[in-house]
Amino acid sequence: MNETEQQGLVEKFAEDARERFEALYERMPSWEVPHPQPAFVELADRGWIRGTILDSGCGTGENALMLAARGLDVFGIDLVPTAIGWARSKAQARGVPAARFLVGDALRLDALGMSFDTIIDSGLFHAFGDVERALYVKSLEAVLKRGGEVHLLCWSDQQDGSDGPRRVSQAEIRAAFASGWTVREIVPSRFVNNTHPGGAKAWRASLRRELG
Ligand code: SAH
């Protein structure tokens with residue numbers, strides 16, 4: 001695939017995803033909960049979320065707001081303006097003006113013109129098909145500093161049923177981040193949402209960028 005073809009593909013993916021997710025945000029999306037994911041609270045407690053932080057596919061911003069409230073330097077991006085609007089209103093209502101929210105495409109993170117020490121992904125990785133997934137990892141590589149880390153939370157293949165997002169195996173995570181990355185940790189976790197109050201079975205993966 002040459003660069004022009006790749007660009008066209010990324011634009012098409014963005015158009016499709018914007019339409020799909022915009023429709024979901026017209027009502028209360030099933031993943032929308034009024035608190036951060038416990039998996040990211042735990043990582044923040046451990047000090048693993050540091051430096052300049054990007055929340056990729058931040059939705060209405062609960063995880064980014066939790067980090068900003070701790071005094072961390074965080075940007076949230078999402079493809080859907082409605083989600084970013086909600087996130088900004090929450091930041092204002094909760095008195096956390098330091099959280100900055102932007103409409104942006106996680107497949108084109110280079111367009112932000114920034115670089116990050118830490119990127120968190122709560123429920124975006126599992127939304128991508130195979131081709132988007134590969135483009136996403138490239139996009140992360142474009143903005144993550146050497147030694148920087150991605151922490152992602154995705155539904156796991158151990159979750160029963162066929163509702164909700166695509167299930168991801170540990171092997172798929174390792175394969176997606178095979179080149180130029182090391183796996184710091186992949187552990188069973190939970191993705192709390194409205195349909196699985198105790199949380200859907202998930203992987204929390206922490207991946208360090210060795211190049212860049
Ligand atoms: N992180 C939030 C939202 C998870 S749902 C949470 O934990 O609650 C996945 C989010 O990714 C949605 O808000 C959707 O609009 C967003 N999204 C989907 N494709 C995207 C893309 N290409 N770039 C940025 N955001 C995207």
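Both counts, for ligands and for their atoms, begin at 1 and track the order of listing.
Atom numbering of ligand 1 starts at 1 in the shown order; those under 4.0 Å from a heavy atom of Cys58 are 1 (N), 2 (C). Listed by atom number, the atoms of ligand 1 under 4.0 Å from Asn63 heavy atoms are 7 (O). Taking every non-hydrogen atom of Gly104 and a distance limit under 4.0 Å, the qualifying atoms of ligand 1 come out as 23 (N), 24 (C).
Heavy atoms of Tyr25 found under 4.0 angstrom from ligand 1 belong exclusively to the side chain.
For an aromatic pair to be called close, the ring centres must be under 6.0 Å apart, and Phe191 with His126 satisfies this.
Looking from atom 16 (C) of ligand 1 to the surrounding protein, the closest heavy atom is Asp78 OD2, 3.2 Å. Counting only heavy atoms of the protein, atom 14 (C) of ligand 1 lies nearest to Phe21 CD2, 3.3 Å. Atom 8 (O) of ligand 1 has its closest protein heavy atom at Trp31 CD1, 3.5 Å.
Listed by chain and residue number, nothing satisfies the side chain to side chain donor-acceptor pair (under 3.5 Å) test with Glu132 (two or more places apart in sequence, or in another chain). Checked against side chain to side chain donor-acceptor pair (under 3.5 Å), Trp155 has no partners two or more places apart in sequence or in another chain.
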Which is it for Arg166 and Glu172 under the salt bridge (charged side-chain N to carboxylate O under 4.0 Å, His left out) test, yes or no, and what are the steps along the way?
CA-CA 12 Å; Arg166 175 183 186 179; Glu172 284 178 82; 3.6 Å; yes

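Between Ala106 and ligand 1, an N or O atom pair is found at a separation short of 3.5 Å. Annotation: Asp105 places an N or O atom under 3.5 Å from an N or O atom of ligand 1; distance criterion only.
No donor-acceptor pair closer than 3.5 Å links the side chain of Glu22 to the backbone N or O of Glu19. Panel note: side chain Arg18, backbone Val80; no donor-acceptor pair is recorded below 3.5 Å.
Residue Leu144 forms a side-chain contact (heavy atoms from CB on, under 4.5 Å) with just one option from Leu211, Leu109, Ile119, and that option is Ile119.
Comparing Asn193, Leu79, Asp121 by heavy-atom distance to atom 21 (C) of ligand 1, the nearest is Leu79. Checking Ala39, Gly123, Gly57, Pro36 against atom 2 (C) of ligand 1, the nearest heavy atom belongs to Gly57. One option in Ser122, Gly59, Ser30 has a heavy atom closer to atom 4 (C) of ligand 1 than any other, and that option is Ser122. Considering each of Leu124, Asp16, Leu107, Leu153, the one bringing a non-hydrogen atom nearest atom 11 (O) of ligand 1 is Leu124.
Distance CZ/Phe21 to CG/Leu79: 8.5 Å, rounded to 0.5 Å.
By the 4.0 Å N-to-carboxylate-O rule, Glu149 lies too far from Arg209 to be salt-bridged with it.
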